[in-house]
*Asks:* 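Submitted below is the structure of interest, expressed as structure tokens.
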Amino acid sequence: MCGIVGYIGEREIKNRLVDGLRELEYRGYDSAGIAVMQNGRIDSFKAVGKLSNLEEKTKEYSTEGLGVGIGHTRWATHGKPTELNAHPHMGEYSYVVHNGIIENYREIKEKLESEGVTFLSQTDTEVIVHLFEAEAEKEEDLFKAFKATIEQLDGAYAVLLVTQKAPDTIFFARKGSPMILGRNRKGEIFFASSDAPLIGEADEVAYMEDGTVGYVTPKSLYTEPQELLFVPLAGDKMTAQKGGYRFFMEKEIYEQYDVMSDTMIGRVLDNDIYFEEIDEKFLEGVSRIKLCACGTSYHAALTSSYLFERISKIPVNVEIASEFRYKDPLLTDDTLFIVISQSGETADTLEALKMAKDAGLKTLAICNVDNSSIVRLADTTLLTRAGIEKGVASTKAFATQVMVLWMLSLFFAKQRKSMDESAIKEEIRFMHYVPKVLQKSLEVHEKCKRLSKRYLHGHGFFFIGRDIFFPLALEGALKLKEISYLHAEGYPAGEMKHGPIALADAELFTIALMPKTLLYDKTKSNVEELSARDSTILSISPDLFDLADDFILTHPHNHPMLEFFEMMVVEQLLAMEIAIRLGNDVDMPRNLAKSVTVE
Ligand code: F6R
């Protein structure tokens, strides 16, 4: 995914920008570029491929003294990864870098073209710089011109703009795509789309809120609608990378809002789902899907099995990779084989993928790490774009896997005409709310923190749910057991009376996922059965449930997937708070590794 950096200061500017971009490399990119402004002149360089290509191009170039620079690594969404499409994009006298997507760029482009503006690239970003220059023709105050530009953009953006008309100034705006401003005691100013480039450089940073627009010079900083709130950035890499959170897991839970927007960018359009990685003929000859994964990724697979059957009307079966490998599976070439993996290195999943390939099946990977072994092997990959996940307990990777799979089920529904267009549009309408649902909810976190003290003992936890909330129950139980070391199981709510209910007593904790939009009454009767056996019940639901001992109230939503994502965050926070109270190392639980490269 794209990365942004910016710099104002007296050190050599090109190196600052390229070093910053290198810290963002892990996000993946296919071209890079910088623009440097000094003494009213702007020099810009771009290169396709790795940063080393950009370095090669700029090896004769360096700066001395005060100056301003912006830089970008681009992950192609609109238009191919070419030099012309790489950022920064230029107008007559200004340059812009942008992360995100401008949904109404076509209308803006047509209007500007009709006024005589010539466009060089196929990107949505280029409209920003031309629009700014058109506004600057009408308005002398360049911040007002910049603001007027931003107000005309629909979509998600983090934008930095420099213009020869305002030397030493960087204009910036953020909506739906992260942007951080850092500064240090030497008076240097830094921008970055995530904190990695700022560590060791900035003393304090401000994480911009959505809707922020402003400008900065070596002497002044102005923002609307409110001032930026600066917080210290620790000097040591580990603490700094945690960005003020106690654990990487906590940071990653809170990051889900931003990374989900990244996952959706360029793919979830107003009325359509678009995957440039998959062509129209992809499903030709496919009449069933087999999903294969381990652990949390297996739970994402299981969740999607409901979606593929319900939405795309394709028969699905889901396999745990370590089981699949040795069962002499019958593989038929009408099967699309989908593997899901955060790391892309899980030995069992990788081997399962090899078996499917050897059997001549079409293969698709859903993965978070570009260039990983699984990505290299699969015919096609959809990257989840969650960014690096450090906590051993997977959180944002799971969220983005489920999202990609939901998107894919709709994409297939359209290709197979298994759902009418208006119903697909309605699903997409709800999909747009997901990042909001994942936005930090301090009240819910507080509630999880408070409740956690009551759940440190007992002889076990049952997480129960129905339909897609069953895999979510499995995931809640896995999260809890791996970091708290307490015994927890996930069960389909309707299965309890077929055996597990024998364990029910006051020391058995039932975490009941009770969404209002899906089988509420059915789940409720299952919980009532447990309550009648004196099990201690914690209900997670938008409705109060009078038989519950404790409750966490979620927001009412009109779609099961929105309830799913909100309950997922509750499970993550609850597991984390219980583990913290028990004094465990949340990020590095005992006996576990982040990447399981042995079988
Ligand atoms: C649990 C967890 C593991 C992984 C599993 C598969 O929080 O992270 O269960 O999901 O080891 O790993 P990947 O997704 O990298 O294939």
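Both counts, for ligands and for their atoms, begin at 1 and track the order of listing.
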*Asks:* With a 4.0 Å cut-off on heavy atoms, is Lys479 touching ligand 1?
*Replies:*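 Yes, that is the case, since the closest heavy atom of the residue is under 4.0 Å from the ligand.
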*Asks:* Between the candidates Ser394, Ser343, Pro589, which shows the shortest non-hydrogen contact distance to atom 15 (O) of ligand 1?
*Replies:*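 Nearest heavy atom to atom 15 (O) of ligand 1 lies in Ser343.
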*Asks:* Taking atom 6 (C) of ligand 1 as the point of reference, which of Cys294, Ala347, Ser372, Gly295 owns the nearest heavy atom?
*Replies:*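 It is Cys294 whose heavy atom sits nearest to atom 6 (C) of ligand 1.
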*Asks:* Under 6.0 Å from the ring centre and within 45 degrees of the ring axis: does the NZ or CZ of Lys362 meet both conditions for the six-membered ring of Phe282?
*Replies:*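 Relative to the ring axis of Phe282, which defines the angle, Lys362 lies inside both limits.
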*Asks:* Out of all atoms in ligand 1, which are within 4.0 Å of some heavy atom of Gln342? Include the element for each.
*Replies:*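 So the answer, numbered in order with elements, is 13 (P), 14 (O), 15 (O), 16 (O).
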*Asks:* Between the side chains of Ser394 and Gln342, is a donor N or O closer than 3.5 angstrom to an acceptor N or O?
*Replies:*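 Ser394 vs Gln342: no donor-acceptor pair found between side chains.
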*Asks:* Regarding atom 14 (O) of ligand 1: of the candidates Ser297, Ala393, Cys367, Gly391, which has the closest heavy atom?
*Replies:*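 Looking at heavy atoms only, Ser297 sits closest to atom 14 (O) of ligand 1.
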*Asks:* Quick one: is the NZ or CZ of Lys251 closer than 6.0 Å to the six-membered ring centre of Phe248, and within 45° of its axis?
*Replies:*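 Judged by the rule, Lys251 and Phe248 form no cation-pi pair.
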*Asks:* With side chains defined as the heavy atoms from C-beta onward, is the minimum distance between Leu478 and His299 less than 4.5 Å?
*Replies:*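 The answer is yes; the side chains approach within 4.5 Å.
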*Asks:* Is ligand 1 less than 4.0 angstrom away from at least one heavy atom of Val392?
*Replies:*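 In this structure, Val392 qualifies as a contact of ligand 1 - some heavy atom is under 4.0 Å.
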*Asks:* Quick test of your reading of the structure: of Val369, Ile374, Thr346, whose heavy atom lies closest to atom 12 (O) of ligand 1?
*Replies:*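 Among Val369, Ile374, Thr346, the closest heavy atom to atom 12 (O) of ligand 1 belongs to Thr346.
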*Asks:* Centre of Phe275's six-membered ring, under 6.0 Å away, within 45 degrees of the axis: is that where NZ or CZ of Arg267 sits?
*Replies:*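 Relative to the ring axis of Phe275, which defines the angle, Arg267 lies outside at least one limit.
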*Asks:* Is the closest N or O pair between Thr296 and ligand 1 shorter than 3.5 Å?
*Replies:*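 Yes, there is a polar N/O contact under 3.5 Å.
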*Asks:* With distance as the sole criterion, is a donor-acceptor pair present between the side chains of Tyr254 and His445 under 3.5 Å?
*Replies:*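 His445 and Tyr254 do have a side-chain donor-acceptor pair below 3.5 Å.
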*Asks:* Measure Glu482 to ligand 1 on non-hydrogen atoms and call it side chain, backbone, both or neither using the 4.0 Å cut-off.
*Replies:*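 Side chain only.
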*Asks:* Does any donor atom in the side chain of Thr346 or Asp348 lie under 3.5 Å from an acceptor atom in the other side chain?
*Replies:*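 Checked: Thr346/Asp348 side chains show no N/O donor-acceptor pair below 3.5 Å.
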*Asks:* Write out the residue and atom name of the closest protein heavy atom to atom 11 (O) of ligand 1, then the distance separating them to 0.1 Å.
*Replies:*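 Of the protein heavy atoms, Val596 CG2, 3.9 Å lies nearest.
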*Asks:* Just checking, any donor-acceptor pair under 3.5 angstrom between side chains of Asn317 and Arg288?
*Replies:*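 Side-chain D/A pair, Asn317 to Arg288: absent.
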*Asks:* Which ligand 1 atoms are under 4.0 Å away from a heavy-atom of Ser341?
*Replies:*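 It comes down to these atoms of ligand 1: 13 (P), 14 (O), 15 (O), 16 (O).
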